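Chain identifiers are assigned alphabetically (A, B, ...) following the order of the sequence lines, protein sequences preceding nucleic acid strands; residue numbering begins at 1 within each chain. From a predicted model like this one, the values you see are computed outputs, not experimental measurements.
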Number of protein chains: 2
Amino acid sequence: MLEDTAQTLPIAKQNPLAVGGAAASAAASSLAVSTVIFALRPDEESHLKTLWLPLVRRTRDPHRDLWALPGGWLPAGEELAAAAGRTLRETTDLSPRYLEQLYTFGDIDRSPGLRVVSVVYWALVRSEVAERASVGDNVRWFAADQLPPLAFDHNRIVEYALWRLRTKVEYARIAHAFLGDTFTLAQLREVHEAVLQKALDPANFRRSIEASGNLISTDQHVAGARHRPARLYRYDDRANDHDPPGPAL
Amino acid sequence: MLEDTAQTLPIAKQNPLAVGGAAASAAASSLAVSTVIFALRPDEESHLKTLWLPLVRRTRDPHRDLWALPGGWLPAGEELAAAAGRTLRETTDLSPRYLEQLYTFGDIDRSPGLRVVSVVYWALVRSEVAERASVGDNVRWFAADQLPPLAFDHNRIVEYALWRLRTKVEYARIAHAFLGDTFTLAQLREVHEAVLQKALDPANFRRSIEASGNLISTDQHVAGARHRPARLYRYDDRANDHDPPGPAL
DNA sequence: CATCATATAGTCAAACTGACTCAAACCCCG
DNA sequence: CGGGGTTTGAGTCAGTTTGACTATATGATG
């Protein structure tokens, strides 16, 4: 059975979308789960933080040696979101701070040979922790806007995931997923600036964030910098307003 | 093969999520496509327009005799959106004016027996045309907010579809999907009011719609009513701004 | 202690929003 | 055939939000 075969392979060798010839004749279509994993890291040249994501190298056809999104066949007894989270952990040794279904891609010709339908999730992980992320030979982090040609339709998938991230309204939860439990407004603003790719006025940013009521201010301050110490804030979980009644983590 | 079996049945008898015992042992999981179809019709008592949707009666277990979303197994050679559109036409004799993927539901226990993953689409059809919609014994239209207990997790799916419809930002395209090619601002406002479930000030509505730049005014007017004739407008397809680069019809 | 750099507070005008007024234009009724 | 009724379509006005900007606070640095 397809799922079992995939399960026995190390994750980096699993091909999220392809199968061998024998499997292809066994089923008319197969269901895979892939995950677009975003982290924030400082860019080499510009000191600004930018979006990065981990990809895995394919070790078999089709698209052997191309980079692809982490993923695999959906195991029979595993929930969709659980499969995405497991894939993420196996690839990066990290836990998702945010995980949401992105879209289901099922074009007939998106994979040569077998018809593959992929349920794709997108996830956010902590930036600092992503630094020490396990990066084996078959896993590598790429700048999200400088990707090489990927396997299958994965370039298009990443593009869509980026669009969703940038047009997502409820930034509060998302931006805070990139940070620790407490953070300064400057750090939070840095996240917004990295995602939106434009500078934000510190004063106006503070005003709008405070008005949104999603943050609780702590008594702690961060000293050590060469300027007035910044207050630490905490994300307010209670204020998860306008929640989607349906899915969404 | 599952798909072939389903294909030979009349659509009303296809069960979107269930299979017979023989099929259940053949595959570990199965892929279905269902569609939430919205139309706008005048309510019985209140003269206001409200959202309605067609459901099909299940003719076999599980959930025999319960109402369910139209759908069926994904045929091997059919695109996901095409399957949703075909289901829609087979159920209602209508063509979708708007069709978009909603979400993929795959909880392990959402269907007794076999693990079923359903890719769900949501669609909008013209109100006037929906009046003469084919309503056989196994297809019936229901008010969207007064549904009976449905098969599987379909109540939850409809709830989520309603939420998406109401929180969708780009109302221009959506509202116009309920109408003909040309329409008055009053008709357009009626759609918005029905979806949002609240009255809108006509003058302010006009101002905001005109500012959005999504409408082209024609020279025609609608006479015959007991008041000043209203100008007819047309939806501006060019101004499909802020488009998602990825999926979405 | 002067200076630097950012935190934080405040100002101001433009844009936007909701509630409202008012004339225009047509049908209906007497 | 003219007035009442009703909706269209334009405009006003106050309150709110938004973007650009100025000013002060405060610890680190030399």
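Ion pairing of B/E100 with B/K168 is present here, as a side-chain N (NZ or NE/NH1/NH2) and a carboxylate O approach within less than 4.0 Å. Using a 4.0 Å cut-off between charged nitrogen and carboxylate oxygen, A/E159 and A/R164 do not count as a salt-bridge pair.
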Just the table, please: protein N/O against nucleotides 12-15 of chain C N/O, every pair under 3.5 Å.
none

Contact list (N/O, under 3.5 angstrom) for nucleotides 21-25 of chain C vs protein:
unit_1 : atom_1 : unit_2 : atom_2 : d
C/dA24 : N3     : B/R228 : NH1    : 3.4
C/dA25 : N3     : B/R228 : N      : 3.4

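A donor-acceptor contact under 3.5 angstrom links the side chains of A/S118 and A/R110, judged on distance only. A donor and an acceptor atom, one from each side chain of A/R189 and A/T184, are nowhere located under 3.5 Å apart.
Between the side chain of B/R231 and the backbone N or O of B/Q220, no donor-acceptor pair lies under 3.5 Å.
For the pair A/P70 and A/I37, the tightest heavy-atom approach, listed with the atom from each and the gap, is CG-CD1, 4.0 Å. Residues A/R89 and A/L94 share a closest heavy-atom pair of CG-O, 2.9 Å.
As rounded to whole Å, 9 Å separates atom P of D/dG27 from atom NE2 of A/H221. If you measure from atom CZ of B/F205 to atom P of C/dA19, you get 16 Å, rounded to the nearest angstrom. Rounding to whole angstrom units, CZ of residue A/R231 and P of D/dG27 are separated by 13 Å. Put simply, CD on A/E210 is 13 Å from C1' on C/dG10, counting in whole angstrom units. Taking atom CD1 of residue B/I209 and atom C1' of nucleotide C/dT17, one finds them 15 Å apart after rounding to whole Å. Rounded to an integer number of Å, the gap from A/Y233 OH to C/dA7 P is 11 Å. What separates CG of B/L196 from C1' of C/dG18 is a distance of 15 Å, to the nearest Å. Between B/L232 atom CG and D/dG9 atom C1' there is a gap of 15 Å when expressed in whole angstrom units.
Ranked by how close their nearest DNA chain D nucleotide is to the 5' end, B/Q187 and A/G224 are led by B/Q187.
Which of D/dG19, C/dT8, D/dA28 sits closest to the side chain of A/N204 comes down to D/dG19.
Residue-level contact check: A/A225 touches the backbone only, with heavy atoms under 4.0 Å from sugar-phosphate atoms and none from bases.
Between B/W67 and B/F142, the two ring planes are perpendicular [angle over 60°; tilted spans 30° to 60°]. Under the 30°/60° scheme for interplanar angles, the aromatic rings of A/W163 and A/Y160 are found to lie parallel.
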